[in-house]
Amino acid sequence: MVNGCRSIPALIKFLAIGEHLHLDGFVFELPGEEFGQDVHKFGQGVRRILKCISDHDPAGYHCMNKSYLNKIGWTFEFSEIPIFVTTFAPCYPSNHSRFAFGTKNAFVLLQPMYSFVIHDIGKDTPLTNWDNPTTIRDKIRVAYKENGRLYHIRQVVVYPTAHDIVKPLKDSGLTLVEWWKSEEPPKDGDKGTSVENY
């Protein structure tokens, strides 16, 4: 992840001017051969890049070192700015919300939370007006559904955000990819961890 760490100065600049210029996201690319073919390897690549970013946090918060990383209350933060993290990889099928549209590499999208305010996304809600979408959030969900990429919508609005950073191949809300853990590969047949443990 040396190349990812080299992008830290650019990320700092992006966050310094992003809100003023209405910039929505900063992307890190992960080599697909190493990280894009398997969701667990992808998760480890995501962990490594987020850890590298966290280790270079100019505010000294180092969010990836928090003991509650996989619990309610944790969020990815850099330079005192909370950031929404979304990931995409070639291992996801075309009907998945994290589908990478034929690219060979994987991606980590950092979207500062101010972007949601600028675009008036509104508060999170488990409710969606599928027939007559009125909010930006409704329209996003309907667009995903209409394009065959319906994703799991939680029935609660307070949950561990780390659970949604790397999605399992089957996005049913019943399993997790524990990307925040060590780099040991899962045992044969491991399809993820049950969310009932959290």
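Throughout, numbering of the chain's residues begins at 1 and tracks the sequence. For clarity, every value in this text was computed on a predicted model and none was experimentally measured.
Taking all atoms of both residues into account, the shortest heavy-atom contact from K41 to F35 is O-CD2, 3.3 Å. Between Y114 and L23 the shortest heavy-atom distance is OH-O, 3.3 Å. In terms of heavy-atom proximity, K167 sits nearest to H152 at NZ-O, 4.2 Å. Closest approach of N105 to E29, counting heavy atoms only: ND2-OE2, 2.7 Å. When all heavy atoms are compared, the tightest approach of F28 to S7 is CE2-CB, 3.6 Å. Annotation for D57 and E77: closest pair OD2-O, 4.0 Å, computed over non-hydrogen atoms.
Connection of I136 to F116 is established within a shared hydrophobic cluster, with ILVMFWY side chains joined at heavy-atom distances below 4.5 Å, either directly or through further cluster members. A continuous path of Ile, Leu, Val, Met, Phe, Trp and Tyr side chains, each step under 4.5 Å between heavy atoms, connects I83 with L21, placing both in one hydrophobic cluster. A single hydrophobic cluster is seen to contain both I8 and L50, as judged by linkage of ILVMFWY side chains at heavy-atom distances under 4.5 Å, directly or through other members. A single hydrophobic cluster is seen to contain both I118 and L110, as judged by linkage of ILVMFWY side chains at heavy-atom distances under 4.5 Å, directly or through other members. Both F14 and F78 are part of a single hydrophobic cluster, where members link through side-chain heavy atoms under 4.5 Å apart.
Evaluation of the side-chain contact (heavy atoms from CB on, under 4.5 Å) rule for S94 yields F99 as partners, not counting sequence neighbours. Checked against side-chain contact (heavy atoms from CB on, under 4.5 Å), I153 has the following partners two or more places apart in sequence or in another chain: T128, W130, R141, Y151. Scanning for side-chain hydrogen bond (donor to acceptor under 3.5 Å, both in side chains) contacts around Y61 gives Y68, with sequence neighbours left out. In this structure D120 satisfies the side-chain contact (heavy atoms from CB on, under 4.5 Å) test with no other residue, sequence neighbours excluded. In terms of the side-chain contact (heavy atoms from CB on, under 4.5 Å) criterion, residue partners of L127 (sequence neighbours excluded) are, by chain and number, T125. Among residues two or more places apart in sequence or in another chain, the ring pair (Phe, Tyr, Trp, His ring centres under 6.0 Å) test is passed with Y92 by H96.
Between V177 and F42 the shortest side-chain heavy-atom distance does not fall below 4.5 Å. Contact check for I140 versus I121: side-chain heavy atoms found under the 4.5 Å cut-off. Looking only at side-chain heavy atoms (C-beta outward), T103 and F88 stay at 4.5 Å or farther from each other. Using a 4.5 Å heavy-atom cutoff, the side chains of V157 and P126 are in contact. Under the 4.5 Å side-chain criterion, counting only non-hydrogen atoms from C-beta, F26 is not in contact with I53. The shortest side-chain heavy-atom distance between W74 and C63 falls under the 4.5 Å cut-off. Residues F84 and T161 are not in side-chain contact: their nearest non-hydrogen atoms beyond the backbone lie 4.5 Å or more apart. Looking at heavy atoms from C-beta onward, I81 lies out of side-chain contact with E19 at the 4.5 angstrom threshold.
Rounded to the nearest 0.5 Å, atoms OG (S97) and CZ (R149) are 9.5 Å apart. Between atom NE2 of residue H56 and atom CD1 of residue I12 there is a gap of 9.0 Å, rounded to the nearest 0.5 Å. Atoms CZ and CG, on R137 and N129 in that order, are 14.0 Å from each other to the nearest 0.5 Å. Atoms OG1 and CZ, on T87 and R98 in that order, are 4.5 Å from each other to the nearest 0.5 Å. Distance CG/L15 to NZ/K13: 13.0 Å, rounded to 0.5 Å. Within the model, atoms NE2 of H119 and NE2 of H22 stand 8.0 Å from one another, a figure rounded to the nearest 0.5 Å.
Ion pairing between a basic and an acidic side chain is recognised when a charged N comes within 4.0 Å of a carboxylate O; R154 and D164 show such pairing.
More than 12 heavy atoms of other residues, nucleotides or ligands sit less than 6.0 Å from atom CD of Q37.
Looking at V27, L30, V166 one by one, the single match for side-chain contact (heavy atoms from CB on, under 4.5 Å) with V108 turns out to be L30.
Side chain of S79 to main chain of P58: no donor-acceptor pair is present (N/O by atom type, distance under 3.5 Å, no hydrogens or angles).
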